[in-house]
Student: 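One structure follows; several queries about it will come next.
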Amino acid sequence: MTNATPAETLTLNGAEVVLRALKEQGVEVIFGYPGGAVLPIYDALFQQNAIRHILVRHEQAAVHAAEGYARSTGKVGCVLVTSGPGATNAVTGLLDALMDSIPLVCLTGQVPTHLIGNDAFQEADTTGITRPATKHNYLVKKSADLARTVHEAFYVARSGRPGPVVIDLPKDILIAKAPYVEAATAEHRSYRPVTQPDAGAIRRAVALLKGAKRPVIYAGGGVINAGPEASHLLTELAHLTGFPVTNTLMGLGAFSSDDKQFLGMLGMHGTYEANLVMHGCDVMLNIGARFDDRVTGKLSHFSPHSKKIHADIDPSSINKNVKVDVPIVGDAGAILAAMIAAWRADETPQDKPALAAWWRIIEDWRGKDCLRYRQEGRIIKPQHAVKRLYEITRELGRETFITTEVGQHQMWAAQYFGFQKPNRWMTSGGLGTMGYGLPAAMGVQIAHADALVIDIAGEASILMNIQEMGTLAQYRLPVKVFILNNEYMGMVRQWQELLHGGRYSESYSAALPDFVKLAESFHAKGLRATDASDLDGVIREMIAHDGPVIADICVAKDENCFPMIPSGAAHNEMILGPDQEGGVAGVTDEGKVLV
Amino acid sequence: MSETLQRTATIAVLVENEAGVLARVIGLFSGRGYNIESLTVAPVDELRRLSRITIVTTGTEMIIDQIKAQLDRLVPVHKVSDLALEGPHLVRELALIKVVGRGEGRMEALRLADAFRARVVDATPESAVFEMTGSAEKIDAFCALMRPLGLAEISRTGAVAIARGARSL
Ligand SMILES: Cc1cc2nc3c(=O)[nH]c(=O)nc-3n(C[C@H](O)[C@H](O)[C@H](O)COP(=O)(O)OP(=O)(O)OC[C@H]3O[C@@H](n4cnc5c(N)ncnc54)[C@H](O)[C@@H]3O)c2cc1C
Ligand SMILES: Cc1ncc(C[n+]2csc(CCOP(=O)(O)OP(=O)(O)O)c2C)c(N)n1
Ligand SMILES: [Mg+2]
């Protein structure tokens, strides 16, 4: 490096160089947990004020917290863990971030370079273990590479399809003096993702859209990744064209749930109208979604009559599961802007009567009111609990962020909580990691101190990272944990009911803690609702309390999540509700092997 | 569409010559269940720190496109080229083939080697090592002929490949 400080004038040690590079990259918060191999960084952290450190209670939680921070701000999340068990504990979080395209930089401690490969104390082959769980990783072996590597890691994490990057830092490199270099302004040598779309592809796409009789826009997490402007552009394109819009689980908030063109979520637990529109459309515009199996159902029957346009920043997402007619590589925001311009410039008239007829069909499907439920009697329906939570937070008008754990409660949150803006919804979609929601909420609350942050949880999932209640207490983070306590691993129980003859093998949540006392022992407020008439009061009390709360909402134990496309079935083979469960008998062994 | 039709592809990948890059490429193939028929790697540009990996793989057109896209998104990968799609190209492999034996078999092996343009690079009264370059088929054919004549050991490099003409990666 040409602008490196000459060796004799080096004043910073490796740890200080790392922190200076983080600061230059705009890092304000780092989520971490100390240990022998990273003590030099902890020492350097102690002697500065620019970067705040949040001490979690488990390294997995540090990564999920950084994910929540990143997803709710659009910035790169930052994590610091020690070697060996610190690094291995982080692996689940890293893979979670990889699957959901969340930009992170995770610093891991490592034994000193001369001991690498010797089975030294707390040594792990961290770059080997995390290679398939990260977008990229580095082992820094020379002090001269340190600053450049940190800068490059941030570039890689946020560019193209975002993802987690690990930097493994041997202890001797952290202690030795090292040169500081500023972030490079030159292009990266090999990694230069395409962001501007090809004009020909845009023209072909717009020609298809203009001629569409039964169109749909299927928008995913990539629109969120592209930043809030992309959501505005998506809305503009939708209004310009009059097309119906559906969002994936990861895309919720990219298009407002209040908009009358919004069909709700699609896929396995998506709405009747969204899935039938996908099945029956003649032109599909996929923007920033990856044709996940939870969305396509049976591939051979997926949207059989449509021409498909797929806009994605990652060429490997295109033609991976579903063969498409018009691929467009680029950033969702740039692609939407180009499409809007091309739509305006193209004088071909749109087939308005066909679109009107399509909407009449869609309104018919909407008329099924597939998310209807009956709240009768005293037992709280989980759907009702989420719906009231949504209505009350809206009424209060506070900036609200929702995270979830994984299971039925996650799906009910997706179905019954509406999002009007991007970056307000954090959930583990690709990996489906139970234990994600509480630490993610922590990260969100750190980034948005005054906002209302709620983890919609299940009683089983919440126990997977419950230790983070300690972190909430330490930093006075007023996160609300809203447990839909059905005393079952409900999603597992549902599959066992529908696919395994009602044999509820190991899915009962036995010996649960008393969540109210548990909250209190962690210096938080504990609330419980057991009767439908308690629900609103508990929700209001939870929100009004200015510290962390666990609200134990005791809900119906045997409720199932509908609509549901059973595994291996097609979109038009959806089960709408309990009255129709007979239909599931038809699930084949081929369907049962799917997860 | 021939969605099930398999083809063989020879893919040249220009990568940063750095630790772990081969592990990334191999991990990609094993992790995603792609075939590797052969893989060769060596530095090709000291100054710019580049290595070239040649991979021979088989799959449907959709899988081969996936393989290329997946390779291309690896951070240290500079360029990915599917040689057959880009025009005529040369594919060569080098093999060292040891034949052990005396008498008529040995004489026959030496005669065939000559016909196949394999060079004798080591010889003792009871053994010979042949060096051969060519297509995989040619080497296969030669090895098959050597089998009854005392074939003892084969070491092959796997394919290396380059485009014909002025075009370069
Ligand atoms: C219990 C459970 C049930 C589920 N049920 C459903 C369900 O019913 N419906 C559903 O939709 N999901 C469901 N999921 C989630 C599902 O597993 C997937 O995570 C989700 O469908 C993927 O969303 P996506 O296609 O928007 O892609 P993401 O995972 O968000 O990927 C984003 C895509 O956009 C691209 N991209 C990234 N950045 C940009 C950019 N700047 N510009 C353009 N493109 C970009 C990426 O390359 C990628 O292809 C469920 C998950 C769980 C755990
Ligand atoms: C770490 C992890 N282990 C196992 C699973 C499989 N799994 C998916 S949902 C679920 C049950 C979740 O139960 P709970 O948190 O009570 O949510 P509910 O479905 O009852 O709403 C399980 C075990 C998972 N997703 N993550
Ligand atoms: Mg439960």
Side-chain angles (χ1 to χ4, degrees), chain A residues 95 98 101 113 116-117 125-142 145 149 152-157 159-166 168 187-194 290-291 299-300 310 312-325 327 329, chain B residues 1-5 7 9 11-34 41 43-53 57 59-82 85 169:
Chain A
L95 187 57
L98 182 70
S101 302
T113 44
I116 289 178
D125 174 6
T126 299
T127 47
I129 290 170
T130 62
R131 198 171 288 126
T134 53
K135 179 171 173 186
H136 194 55
N137 61 20
Y138 302 88
L139 168 63
V140 180
K141 284 185 165 164
K142 291 204 298 275
D145 294 340
T149 304
E152 186 177 313
F154 276 83
Y155 165 78
V156 170
S159 309
R161 179 179 186 166
V165 177
V166 160
D168 203 22
E187 278 198 322
H188 189 268
R189 270 167 61 81
S190 54
Y191 187 66
R192 278 169 257 153
V194 171
R290 56 185 173 85
F291 290 115
L299 268 178
S300 55
H310 188 181
D312 200 295
I313 202 156
D314 180 356
S316 78
S317 281
I318 297 176
N319 289 331
K320 181 169 67 179
N321 307 326
V322 172
K323 192 106 185 112
V324 298
D325 302 278
V329 175
Chain B
M1 271 291 301
S2 50
E3 240 130 61
T4 52
L5 201 71
R7 82 163 163 106
I11 301 173
V13 193
L14 210 55
V15 300
E16 201 78 354
N17 180 10
E18 64 180 28
V21 66
L22 193 59
R24 284 180 213 288
V25 169
I26 291 172
L28 174 69
F29 276 74
S30 63
R32 294 189 183 262
Y34 306 141
V41 57
V44 290
D45 188 336
E46 274 321 312
L47 212 63
R48 290 165 57 217
R49 302 194 313 274
L50 296 178
S51 289
R52 182 169 172 133
I53 303 178
T57 181
T60 60
E61 209 52 61
M62 208 159 150
I63 297 274
I64 289 172
D65 281 344
Q66 254 306 291
I67 291 175
K68 289 185 285 185
Q70 292 290 353
L71 283 168
D72 206 30
R73 77 207 272 257
L74 295 178
V75 170
V77 167
H78 284 255
K79 230 164 189 188
V80 177
S81 167
D82 183 345
L85 289 193
L169 195 62

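Just so we're on the same page: letters track the sequence lines, and every chain starts at 1.
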Student: Quick one: pull up CZ in Arg24(B) and OG1 in Thr127(A) and give me the separation to the nearest 0.5 Å.
Tutor: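 Here the rounded value is 7.5 Å.
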Student: Considering non-hydrogen atoms only, spot the tightest contact between Arg189(A) and His78(B) and give its length.
Tutor: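 Minimum heavy-atom separation between Arg189(A) and His78(B): O-CE1, 3.3 Å.
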Student: Arg48(B), Lys79(B), Arg73(B): which one forms the most heavy-atom pairs within less than 4.5 Å of chain A?
Tutor: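 Sorted descending by pairs with chain A, the first entry is Arg73(B).
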Student: If every non-hydrogen atom of Ala23(B) is compared with every non-hydrogen atom of Arg131(A), which pair is closest and at what distance?
Tutor: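 Distance-wise, the nearest heavy atoms are CB-NH1, 3.2 Å.
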Student: Could you pull out the closest heavy-atom pair between Val75(B) and Lys135(A), with the gap in Å?
Tutor: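 Minimum heavy-atom separation between Val75(B) and Lys135(A): CG2-O, 4.5 Å.
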Student: Would you name the heavy atoms of Ser190(A) and Pro76(B) that are closest together and state the gap between them?
Tutor: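 Looks like OG-CA, 3.6 Å.
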Student: Checking heavy atoms, do the side chain of Ile318(A), its backbone, both or neither come under 4.5 Å from chain B?
Tutor: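 Contact with chain B: backbone only.
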Student: Do you know the tightest heavy-atom contact between Met62(B) and Lys320(A)?
Tutor: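 Here Met62(B) and Lys320(A) meet closest at CE-O, 3.7 Å.
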Student: Roughly how far, to the nearest 0.5 Å, is the CG atom of Asp314(A) from the CD atom of Gln70(B)?
Tutor: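 Here the rounded value is 7.0 Å.
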Student: Roughly how far apart are Ser316(A) OG and Asp72(B) CG, rounded to 0.5 Å?
Tutor: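 Interatomic distance, Ser316(A) OG to Asp72(B) CG, rounded to 0.5 Å: 9.5 Å.
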